[in-house]
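What follows is a set of notes on a single structure, which appears directly below.
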Amino acid sequence: MHTESLQRIWNARLPIWAIRQLAPITGAMIELYWGAAFEWLAYGAEHKHGKHKELHEGLVRFLRDLGESAMADRWAAMEGVRRGGFYGHHNALDDVQEAMRVCQDIRTWALS
Amino acid sequence: MGTELDSGVNGDTTSVPEASGRATQPQAYTDSPGALAALRTRLPWLDQGIAELLVGVAADLAHMHPEVRALILFGSLARHEERPLGVSRPSDVDLLVLLRPIAGATKARVRLEDKLGLYHTIGEREYRHAALARGLEVVLADERLADWDERFIENVARDGVLLWTRGPLPAVLTSVAARGTVLDVPTSPA
């Protein structure tokens, strides 16, 4: 399963938040929360429905198929945060916090 | 699950409210053959499924989201340089959704709560269609586009296709408006 990967990614955020100068690494932090959100979705889907998806392509539809539309919306939002970094200059701390909020919601769902 | 995975950090315990329920579906426009014909006249390379999806998304946003100002197709599909269906990764459908600025906001950003509502509407519409061979990539942006990459704005200005709008586009996208609007969706009051 994805538990080891999840453990590794999720725990990595702790020392990162302790860094004083976050500006140079905010893009990497968004990637971290994106990766963690993906792993939490896999964990939650497996935990609740006995199946998960290995690829992020088609994940929104997969979640809707499971009846998890709120999580589908959040994954779409997480992808949107990432695209904001690609197309805009949206790698500020506000964007990291948005990714964190979305990831936190997904984690809460996964553990519920 | 280990305790480390249960722990939060730096107050990352906030949650985002659910997307609110929305009003009735704009079925009449979505079912109208005129809308589909207009889109396929302008963009004849679109396959039927994608064309139907775009009409549906435009109708939903126009009817259910007064905060949405315009819907623009951009990227390789707008330029007709898309990777074809049948290859391992066909090009995505890139959609730019322009939103009216948040009252009093100093930064040209869209609130997460509003984003979730929009992703919900677009996602539900996409889900009602059969699984499409192309992914839908949505970019939500404050219509001022104040802090977006210049190259991104230039690309949209050069290639973007205005699917639907509720009013004038920002000055940086006047070239998109000049090429005409594809869909004449009846709108709810702004």
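Convention: sequence-line order gives letters A, B, ...; per-chain numbering from 1. It should be emphasised that the depicted structure is a prediction, and the values quoted were computed from it without experimental measurement. Below, all heavy atoms of this structure are taken into account, side chains as well, without hydrogens, waters or symmetry copies.
Both the backbone and the side chain of Ala77(A) come within less than 4.5 Å of a heavy atom in chain B. Neither the backbone nor the side chain of Glu79(A) comes within contact range of chain B, judged by heavy atoms closer than 4.5 Å. In this structure, the portion of Arg89(B) lying under 4.5 Å from any heavy atom of chain A is its side chain and not its backbone.
Between Asp92(B) and Arg134(B), no side-chain nitrogen of the basic residue sits less than 4.0 Å from a carboxylate oxygen of the acidic one, so the salt-bridge criterion is not met. Taking 4.0 Å as the cut-off between side-chain N and carboxylate O, Glu126(B) and Arg64(A) do not count as a salt-bridged pair.
Using cut-offs of 30° and 60° on the angle between ring planes, the pair Phe152(B) and Trp148(B) is tilted.
The choice from Ile122(B), Val139(B), Val138(B) that makes the most heavy-atom pairs within less than 4.5 Å of chain A is Val138(B).
Contact of the Tyr33(A) side chain with the Val102(A) side chain is not registered, since no non-hydrogen atoms from C-beta on lie closer than 4.5 Å.
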